[in-house]
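In the text below, chain A, chain B and the rest are named by the order of the sequence lines, each starting its count at 1. Note that these values count all heavy atoms, side chains included, but never hydrogens, waters or copies made by symmetry. Every value quoted in this text rests on a predicted model; they were computed, and no experiment measured them.
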Protein chains: 2
Amino acid sequence: MAAKPSSARGKQSPRRGASVQPLQEPRGEPPLSLERIVATAVELLDAQGVDGLSMRRLADRLGSGAMSLYWHVDSKEAVFDLALDSVLEYRGPPRAPAPQDWRGEVVHMLEDWRASMLRHPWSASLLPRRALGPNILSRLELLSNALSRAGVAQADLNVAIWSLWNYVMGATITRGSFELSDNDRVAAQQRLADLGERYPTIERSHLLLDDNWDGTFRKGLDFLLEGLAPKQ
Amino acid sequence: MAAKPSSARGKQSPRRGASVQPLQEPRGEPPLSLERIVATAVELLDAQGVDGLSMRRLADRLGSGAMSLYWHVDSKEAVFDLALDSVLEYRGPPRAPAPQDWRGEVVHMLEDWRASMLRHPWSASLLPRRALGPNILSRLELLSNALSRAGVAQADLNVAIWSLWNYVMGATITRGSFELSDNDRVAAQQRLADLGERYPTIERSHLLLDDNWDGTFRKGLDFLLEGLAPKQ
DNA sequence: ACCTGAACACCGTTCAAGT
DNA sequence: ACCTGAACACCGTTCAAGT
């Protein structure tokens with residue numbers, strides 16, 4: 001993730017006069033590279049959000065001129081695509097799963113997927129707009145495979161996969177967005193109470209205050225899986 | 001939606017010299033108003049997408065200076081909020097539903113919700129970032145109500161509501177985004193085929209070519225509802 | 001092959017004025 | 001009360017050059 005230590009710097013660049021303090025250069029920036037650009041873009045996105053990523057700021061962080069980026073990268077869009085994909089790799093469950101435990105496998109992968117996106121809150125809302133990077137495809141393949149083993153009919157397979165996709169994406173985008181505004185949520189629930197009888201049911205169940213996101217995600221996922229492949 | 005016909009124009013504005021063609025003024029713009037701003041913003045968003053809405057362009061369409069908008073509206077963000085809410089009203093099913101038909105009621109509302117957002121493709125991805133306008137709250141209230149009648153336990157009610165929310169939002173955001181790039185989807189499926197054995201299952205089921213969006217949405221919704229409130 | 005600065009055509013918003 | 005233009009501090013990207 002962090003920039004690589006040192007070594008390279010344009011081969012024989014004349015290095016104008018070995019100065020008095022050769023240790024700790026002002027900034028020993030390694031040369032630009034796709035890798036470094038993507039890693040830094042992820043850092044910047046994590047720190048400042050989608051609106052915080054500008055080509056000029058990214059170049060600043062990399063210690064280069066803004067236009068230098070365009071030699072490595074087609075456009076700002078491409079930076080988004082690359083940053084997104086770099087964040088969605090799946091390494092699988094800690095131990096090889098029992099082959100009949102399709103449910104555990106699916107739940108683990110989906111919770112990991114969600115967790116990866118929440119670690120990089122800009123990623124979830126970007127994904128549906130682009131999708132289809134190799135890391136996502138692997139996850140879908142895993143899903144498809146597990147659901148087949150679960151006995152989902154071939155004709156229902158795509159429906160089942162998209163349902164899970166929808167559920168995960170909806171949950172994660174929502175959570176990533178709401179999180180930023182905890183105060184707002186309390187304020188909203190208060191407004192609900194003030195409005196009194198217009199929304200009696202959701203006011204009573206404190207829908208907007210419910211902040212057990214992880215538990216809610218898991219329970220809802222169980223319901224959905226139950227609908228897709230009933231236990232009996 | 002369109003600008004109102006005529007009448008007003010700053011009362012006694014001197015109207016420099018009643019010219020030769022008094023019919024069909026250059027543009028008989030009515031004065032600015034929140035209503036007109038919001039309606040025009042929706043038009044502009046429909047036509048140009050989220051990135052197409054700028055305060056300057058919006059002002060142009062309204063025949064005013066860019067800064068005039070700020071008298072009626074706090075910021076560009078506020079314009080988004082208002083445009084979004086204006087697009088999400090629910091008028092209910094065509095006929096009063098049988099009170100025991102909670103499922104029909106839920107399905108109708110959710111399909112209408114999805115359809116409203118697809119009519120304005122910018123709206124779905126905006127909603128999770130803001131949520132909580134009165135029109136959305138009404139829809140959640142309806143959901144809560146129907147699910148109670150369906151026999152969902154009080155303790156599961158919020159989970160059930162958020163599950164449906166997640167499903168609808170995920171489905172609609174995904175569809176709204178993929179739609180723009182039909183060619184890409186075919187290309188992606190082709191790439192899948194080329195990659196051959198890396199993704200055998202989803203390649204075989206033509207996951208990425210499936211374009212029966214409405215049917216898939218409906219079937220998946222049925223699975224989810226079955227999980228939330230089993231028929232027996 | 002890799003990097004650069006100047007320039008273009010845009011942004012949202014502050015401010016001090018105008019009517 | 002309502003609208004305005006100039007100005008500020010930004011954008012992404014094209015282009016013609018530099019090494």
Base-pairing mate for D:dC8 - Watson-Crick or G-U, with both contacts under 3.5 Å: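 The answer is C:dG12, by the H-bond criterion.
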Taking pairing as Watson-Crick or G-U wobble with both contacts under 3.5 Å, can you name the mate of C:dA1, or confirm there isn't one?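 Per the H-bond distance test, D:dT19.
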Mind checking if [X] touches a base, just sugar-phosphate, or nothing, with heavy atoms under 4.0 Å?
{"X": "A:Ser68", "answer": "base"}
{"X": "A:Leu58", "answer": "nothing"}
{"X": "B:Met67", "answer": "base"}
{"X": "B:Leu53", "answer": "sugar-phosphate"}

Ring-face cation of A:Arg175 near A:Phe217 (centre distance under 6.0 Å, axis angle within 45°):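 No, a cation-pi geometry is absent between A:Arg175 and A:Phe217.
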Please report, rounded to the nearest Å, how far the [atom2] atom of [N] is from the [atom1] atom of [X].
{"X": "A:Glu77", "N": "D:dC11", "atom1": "CD", "atom2": "P", "value": "16 Å"}
{"X": "B:Trp71", "N": "C:dG12", "atom1": "CH2", "atom2": "P", "value": "21 Å"}
{"X": "B:Asp60", "N": "D:dG5", "atom1": "CG", "atom2": "C1'", "value": "14 Å"}
{"X": "A:Leu44", "N": "D:dC11", "atom1": "CG", "atom2": "C1'", "value": "14 Å"}
{"X": "B:Tyr70", "N": "C:dG12", "atom1": "OH", "atom2": "P", "value": "6 Å"}
{"X": "A:Leu62", "N": "C:dC2", "atom1": "CG", "atom2": "C1'", "value": "15 Å"}
{"X": "B:Leu69", "N": "D:dG5", "atom1": "CG", "atom2": "C1'", "value": "14 Å"}
{"X": "A:Met55", "N": "C:dC3", "atom1": "CE", "atom2": "C1'", "value": "14 Å"}

Between C:dC2 and D:dA17, how far apart are the two P atoms, rounded to whole Å?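 After rounding to an integer number of Å, I get 22 Å for this pair.
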Span that lies between the C1' atom of C:dC8 and that of D:dC11, in whole angstrom: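 Result for the C1' pair: 12 Å, nearest Å.
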Between the main-chain N or O of [Y] and the side-chain N or O of [X], is there a donor-acceptor pair closer than 3.5 Å?
{"X": "A:Arg139", "Y": "A:Leu88", "value": "yes"}
{"X": "A:Asn158", "Y": "B:Ser205", "value": "yes"}
{"X": "B:Tyr199", "Y": "A:Leu137", "value": "no"}

Within the pair A:His72 and C:dA1, is there a side-chain N or O less than 4.0 Å away from OP1 or OP2?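 No, no such contact exists.
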For D:dC10 and A:Arg57 - does any side-chain N or O of the residue sit under 4.0 Å from the phosphate oxygens OP1/OP2?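 For D:dC10, neither OP1 nor OP2 has a side-chain N or O of A:Arg57 closer than 4.0 Å.
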Where each residue is assigned the nucleotide of DNA chain C containing its nearest heavy atom, which of A:Arg56 and A:Ser64 is assigned the position nearer the 5′ end?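 Checking each residue's closest nucleotide, the 5'-ward one belongs to A:Ser64.
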Working note: A:Asp210 + B:Trp162, criterion side chain to side chain donor-acceptor pair (under 3.5 Å); need CA distance, chi angles, decisive distance, verdict. CA-CA 10 Å; A:Asp210 185 352; B:Trp162 285 126; 4.7 Å; no
